[in-house]
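Side chains included, hydrogens not; waters and symmetry mates left out as well; all remaining heavy atoms used.
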Amino acid sequence: MEVEPAPDPLQSIPKSPVVVLMIGMAGSGKSTFMHRMVVRLQSKQKRVYTVNLDPAVRNLAYPVNIDIRDTVNYKEVMKHFGLGPNGGIMTSLNLFATKFDQVLAILSRRAESLDYVLIDTPGQIEVFNWSASGQIVCDALAVSYPTLVCYVVDTARCVKPVTFMSNMLYACSILYKTKLPFIIAFNKKLGRGAGERIKVLRIDVIPHDFLKEWMEELRRFRDFEKLGDALSRETSYVASLARSMSLAMEEFYSNLRSVGVSAVTGAGCEDFEKAMVEACKEFEESYVPFLLEQRRDLEAKRRAAVEEQAGPEKAVPLSTPITGLSSMRTIEQTRR
């Protein structure tokens, strides 16, 4: 009796649940926006699962299903290793990443009954984006489920074009680091009909229209009237640098999704949901073929290395194919 070969994990990635990684600077409204999306999706009868990866957060507005704080004690890590706040967060993430196969096992058991998995990350972007643990988390999720990255931007802090360009550079670095479908959410947008509530809270008081105009000019690579006028009012050498970068990064902006949202009032959440649908389509059409091509390249390099070591007369075929990503083996072992 012949045993059927196991299905290729990359070819059998399910269409749901959709994993959304929330990334953003401290104070950008990341956790508040996540709370807003949880409430909105649940009100539409969507099944949502939440994961918190910030070990230093004190209170969370949304219900958490998997919490890093249940596994790692941030303050004890700082005390034990003699670390500062950022070092404590990074070490806590690294310790949690060693157990991330258990998170994947939990998700795999619940995958059929879920529509979305929302993941909240630390406000220190570099701790998650440039650490080994962040890469492990992204790769492990991306080879298992459709995975998107949402970069939350504080609109009020982007009034100056130099700060806007700094945020866009951050977005560019995150995009090319993760290589995942990407959405920029300009948070704290001025919502229509918010009225007295906005006046009292004094949070969503900045319309994001001027940012959309800047993005559109960069996307079309044309006049740069709006952004150019704003940059011309800046007198520092940084303005000249920002102008040069805006011209050099045209390809980055040409395929970038951006929406204006309000975590407090819920304005723009419908546009964000549409952007998620488009990003899921991009994951299927672009990211999965990219992984398959990357795996073929790795297999070819390994064969060449084996043949070179064995010599032309002793060259033998590989007995076991490689998976392309080390984290993929962990997932398969977990699922067995």
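- Closest non-hydrogen pair, Ser144 versus Ile13, comes out as O-CG2, 3.7 Å.
- Side-chain N or O atoms of Thr50 include one that pairs as donor or acceptor with a backbone N or O of Pro63 at under 3.5 Å.
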Assess whether side chain to side chain contact (heavy atoms under 4.5 Å, CB included) is satisfied between Met25 and Asp154, documenting all intermediate values.
-> CA-CA 8 Å; Met25 295 183 185; Asp154 187 344; over 6 Å; no

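- Contact check for Glu293 versus Arg296: side-chain heavy atoms found under the 4.5 Å cut-off.
- Within a 6.0 Å radius of NZ in Lys177, other residues, nucleotides and ligands contribute more than 12 heavy atoms.
- With values rounded to the nearest 0.5 angstrom, Thr178 atom OG1 is found 8.0 Å from Gln135 atom CD.
- Linking Ile, Leu, Val, Met, Phe, Trp and Tyr whenever their side-chain heavy atoms come within less than 4.5 Å leaves Trp130 and Val152 in two separate clusters.
- Shown here for Glu273 and Lys44, the closest heavy-atom pair between the two residues is OE1-NZ, 2.7 Å.
- With a 4.5 Å cut-off on side-chain heavy atoms, Val19 and Ile119 count as touching.
- The neighbour count for Glu126 CD, taken as heavy atoms of other residues, nucleotides or ligands under 6.0 Å away, is above 12.
- Between the Asn187 side chain and the Ser28 main chain, a donor and an acceptor come within less than 3.5 Å of each other.
- In this pair, Phe100 and Phe96 present their aromatic rings perpendicular. The plane angle is above 60°, beyond the 30 to 60° band.
- The distance from atom SG of Cys138 to atom CD1 of Ile174, rounded to the nearest 0.5 Å, is 10.0 Å.
- When only modelled atom types and interatomic distance are considered, Ser16 and Asp115 share no side-chain donor-acceptor pair under 3.5 Å.
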Without placing hydrogens or testing angles, list every side-chain donor-acceptor pair under 3.5 Å for residues 76-86, not counting sequence neighbours.
none

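- Between Met168 and Ile184, some side-chain heavy-atom pair lies under the 4.5 Å cut-off.
- Between Val259 and Ala275, the shortest heavy-atom contact is CG1-CB, 4.2 Å.
- Here the side chain of Ser113 pairs a donor or acceptor atom with the backbone of Arg110 at under 3.5 angstrom.
- Minimum interatomic distance between Met37 and Cys269 (heavy atoms only, all atoms of both residues): SD-SG, 4.0 Å.
- Between Leu118 and Val51, every side-chain heavy-atom pair lies at or beyond the 4.5 Å cut-off.
- Residue Ile106 holds its CD1 atom at 4.5 Å from CD1 of Ile66, rounded to the nearest 0.5 Å.
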Intermediate values then yes/no, side chain to side chain contact (heavy atoms under 4.5 Å, CB included), Tyr62 and Asp120 = CA-CA 11 Å; Tyr62 55 87; Asp120 197 4; 2.9 Å; yes

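- Looking at heavy atoms from C-beta onward, Thr147 lies out of side-chain contact with Tyr287 at the 4.5 angstrom threshold.
- Across all their heavy atoms, Phe182 and Arg257 have their closest contact at O-NH1, 3.4 Å.
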Less than 3.5 Å apart, which donor and acceptor atoms pair up between the side chains of residues 53-60 and the rest of the protein, not counting sequence neighbours?
residue, atom, partner, partner atom, Å
Asp54, OD1, Ala56, N, 3.1

Decide yes or no on side chain to side chain contact (heavy atoms under 4.5 Å, CB included) for Phe272 and Arg40, but give the supporting numbers first.
-> CA-CA 11 Å; Phe272 182 77; Arg40 180 180 176 84; over 6 Å; no

Please walk me through it: do Leu148 and Leu21 pass side chain to side chain contact (heavy atoms under 4.5 Å, CB included)?
-> CA-CA 6 Å; Leu148 325 172; Leu21 286 163; over 6 Å; no

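- The main-chain N or O of Tyr74 is never found under 3.5 Å from a side-chain atom of Ser92 such that the two would form a donor-acceptor pair.
- A donor-acceptor pair is defined here as one N or O able to donate and one able to accept, closer than 3.5 Å; no such pair exists between the side chain of Ser133 and the backbone of Ser131.
- Under the 4.5 Å side-chain contact rule for hydrophobic residues, Phe290 and Leu141 share a cluster.
- Using a 4.5 Å heavy-atom threshold, the side chains of Pro17 and Tyr49 count as separate.
- Between Cys150 and Val20, the closest heavy-atom pair is CB-CG1, 4.1 Å.
- Residues Tyr170 and Asn129 bring no donor and acceptor atom of their side chains to less than 3.5 Å of each other.
- With contacts defined as side-chain heavy-atom distances shorter than 4.5 Å, the pair Gln42/Val39 does not qualify.
- Residues Leu175 and Lys179 fail the side-chain proximity criterion, which asks for heavy atoms closer than 4.5 Å.
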